[in-house]
Amino acid sequence: MSSESDKWGWKHVSVFGGFDKGSGTKRWKCNHCNLRYNGSYSRVRAHLLGFSGVGVKSCPAIDTSLKESFRILEEERVTRKRKRTSGTGKHSKRIRTSRTNLTYVTKDDVDEILARFFFANGLDANIINSPYFHEMIKAVAAFGPGYEPPSAHELPGSFLSEEKEKIEKHVSLVRESWPHTGCTLLCIGHLHDMSGSFQLNIFVSSPRGLSFLKATSVDNINGAGNSVVCVLRNTVIEVGPTNVVQIISHLGHTSTYPECYTLSEFPHIFCSPCSSHSFHILMEDITELNWIRPVIVQAKEIEKCMTTFQNTSHCVLNQHLKGTSDSLFAKIAPSCYIVQKILELKQPFQEVVVREEWKQWKLSIPRDFGSIEADILGEDFWSRAQMLLQICEPFIRLFAVLNMDRCVMGDVHEWRFQAIDAVKSTGIDTNAFNQVEGLIDDRWDVLFSPLHSVGYILNPKYFGRGQTKDKAVMRGWKTTLERYECESAARRVLREQLSSFLRLEGSLGDEDAVDCRDKMDPVAWWENFGFEIPQLQTLAIKVLSQVSSVAMCEVIWQHNGNPFQFTNNGLGLERVDDLVYVQNNLRLQGLKMDFQAHQPVRDMVLSSPTEFKAKAVLRSSD
């Protein structure tokens, strides 16, 4: 170990003494800036060299040239230490066991120790990619040798309490905006296989940010005495009934519709379906049309037949039949995805079924695959499969552009119009197109919140799109007014002010107001130009400030697993609640810190190479 005289930094501070005899921790004052600190030499070095993350500030009195001279002194000190260590021959040995006194290690040594930690405790990619993990590594490196981490007893004690207090201060600032913009309660739940209870998790979303509120376990999610309704009722009271605009619930695979959770005490609060899951249902509904369903069935039969042939023969196709579950088609329209896979393999399949190997295989099995062979060699199935993808592809492609975790209320109506126009432009059969359009119109009010209609009307970006002539849009506007205002006089005021907005009366027709429609955030636009119609301005700000999907919350919760397992580690229920609260909110903040942390959600809304292949198939057939 190097002597104290070799540590050049001590010459630039005045030491008042140590805390314990023989301890490296001392009281000292910088000779340059007179700031006082307690700590070992690593803090002295950090103060003089300008390192961060060790609890001391960089010395403000040291200029660039002096700091450079300090850096040279530090490099010389490290070089001397390496030479001393080299003389013992220790540096050439790889570190194979835990060591509490590491004087010098290479990057390979550190990498090996870090890898061993993950191998021993589970190779969790979420931890490796966490911005907090990288922040921790930098802080420990800046502190230098001698750092001792908190114990397992200290972490859930004062450290957890302090972190919870910081998060509560942050959330309190977010709460201040709720009376102005309103907020959305996002409720997701999953059945826990081990306990049989239903884990319910509630988040609050507003333009100021997404916050985790609480997690709880309920026993009954259907029928009389619905526990979910009780939890939501108490949550609305906690957040403030006048602050809550809507509740979006997605409770795993339960068949309960969101309207089942309507709170009679708060009739103005909307219980809205999750738009992401509504897209999935709508696309699957399209595949149930009487002329589309046979195409899906045939595609599944072809897939089953060719998979069996591959498994029982030596034939290997260049492409894989299984595909990838990350595909956008697989996530949003799994039935269409099967057809897409088969269509990509048209040529390889047609080449296989004319081989001698195929003919011999058919004779060796009891089932007759003659009809499937005819489908592969004929053109009827392929033409109908192509028509199905011509219908579905625009919906999926435009859904990818939406980016549901940042979608503004009303955007889904624009998606509907653009997708229908794109399908119509493909020149598909008129009767088939009319069936698809009719199905979407019939299912729209069930699958999507009426708040989307209000958002589509009041979003200045979509001004002049003929919203008042669209039946689905105006039905949503009417439904929203009846829920939002119980008095007919108040509803009349909103209708009159909507007419003023559509006619560009007063300041709404000013040059700046018109020019900024598609250049400003829609909420900011209403804050600046909607002051002459205040009731409609308030409604517009509250509706356009809401999200329409629980996708982001589901990503956070999927990474957590079951938080109630922490009770097995000796944590009391109160500490478990605190830990879940802190964990979820830190992960939400981590998404803002690290753009890459958004990738699990973005995977749902970006086209994979498989989608690009499907589009190439469609283009080549034009």
Side-chain angles (χ1 to χ4, degrees), residues 250 252-253 255 273-308 319-346 349 371-372 375-376 380-400 402 404 415-416 419-420 422-423 426 428-429 431-444 446-448 551 603-618 621:
H250 182 66
H253 298 290
S255 59
C274 170
S275 293
S276 296
H277 299 286
S278 293
F279 278 115
H280 169 77
I281 294 172
L282 182 61
M283 296 308 300
E284 289 299 287
D285 284 348
I286 290 175
T287 63
E288 292 296 325
L289 289 172
N290 55 13
W291 66 273
I292 290 180
R293 188 62 191 166
V295 180
I296 305 293
V297 173
Q298 283 177 284
K300 290 181 178 179
E301 287 295 318
I302 292 174
E303 179 186 42
K304 182 178 179 181
C305 174
M306 300 308 292
T307 300
T308 304
Q319 294 96 330
H320 293 289
L321 275 169
K322 290 185 178 180
T324 171
S325 60
D326 290 334
S327 166
L328 193 64
F329 266 67
K331 292 179 181 294
I332 304 301
S335 296
C336 296
Y337 177 57
I338 294 173
V339 177
Q340 179 211 47
K341 287 192 300 179
I342 300 301
L343 189 60
E344 288 180 0
L345 295 167
K346 175 183 176 180
F349 283 175
S371 61
I372 294 176
D375 288 337
I376 294 174
D380 180 65
F381 166 76
W382 300 112
S383 62
R384 287 188 293 137
Q386 181 181 309
M387 181 183 292
L388 171 59
L389 289 191
Q390 282 180 318
I391 290 173
C392 295
E393 191 272 341
F395 288 98
I396 301 295
R397 173 170 45 82
L398 291 168
F399 176 78
L402 269 182
M404 287 308 304
W415 166 84
R416 175 170 70 102
I420 288 176
V423 171
T426 62
I428 69 167
D429 179 75
N431 291 332
F433 172 78
N434 290 338
Q435 285 188 48
V436 173
E437 187 178 30
L439 171 66
I440 293 173
D441 188 61
D442 291 341
R443 296 286 285 150
W444 192 265
V446 175
L447 295 177
F448 295 95
D603 286 342
M604 289 190 64
V605 295
L606 292 178
S607 295
S608 71
T610 308
E611 274 89 68
F612 285 113
K613 291 179 183 177
K615 293 171 189 176
V617 170
L618 292 174
S621 61

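On a predicted model such as this, the values are computed, not experimentally measured, just so you know.
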Nearest non-hydrogen partners of Cys336 and Leu389, listed with the distance
O-CD2, 3.9 Å
Nearest heavy-atom approach of Phe381 to Val295 is CE1-O, 3.7 Å
Exactly one of Glu303, Gln298, Met306 should register a side-chain contact (heavy atoms from CB on, under 4.5 Å) with Ile342. Which one does?
Glu303
Inter-residue atom distance Ile302.CD1 - Ile338.CD1, 0.5 Å rounding
11.5 Å
Drop me the distance from Arg443's CZ to Ser278's OG, to the nearest 0.5 angstrom.
9.0 Å
Test your reading of the model: is there a side-chain donor-acceptor pair from Trp415 to the backbone of Phe395, 3.5 Å cut-off?
yes
Which distance, rounded to the nearest 0.5 Å, do you find between the CD1 of Ile420 and the CG of Asp441?
8.0 Å
Where is the tightest heavy-atom contact between Ile286 and Ile391, given as atom of each residue plus distance?
CG2-CG2, 4.5 Å
Nearest heavy-atom neighbours spanning Ile440 and Arg416
CG2-CD, 3.8 Å
So, taking the atom named CG in Leu388 and the one named CZ in Arg384, what distance separates them when rounded to the nearest 0.5 Å?
10.0 Å
Roughly how far, to the nearest 0.5 Å, is the OG atom of Ser275 from the CG atom of Leu282?
11.5 Å
Nearest heavy-atom pair of Glu284 and Pro334: which atoms, and what distance?
OE2-CD, 3.3 Å
Derivation of the side chain to side chain contact (heavy atoms under 4.5 Å, CB included) call for Val436 and Val423
CA-CA 10 Å; Val436 173; Val423 171; 5.7 Å; no
Take the angle between the ring planes of His250 and His277 and call it parallel below 30°, perpendicular above 60°, tilted in between.
parallel
Nearest heavy atoms of Pro394 and Ala422, plus distance in Å:
CB-CB, 3.6 Å
Hey, what do you get for CG (Leu289) to CD (Gln435), rounding to the nearest 0.5 Å?
5.5 Å
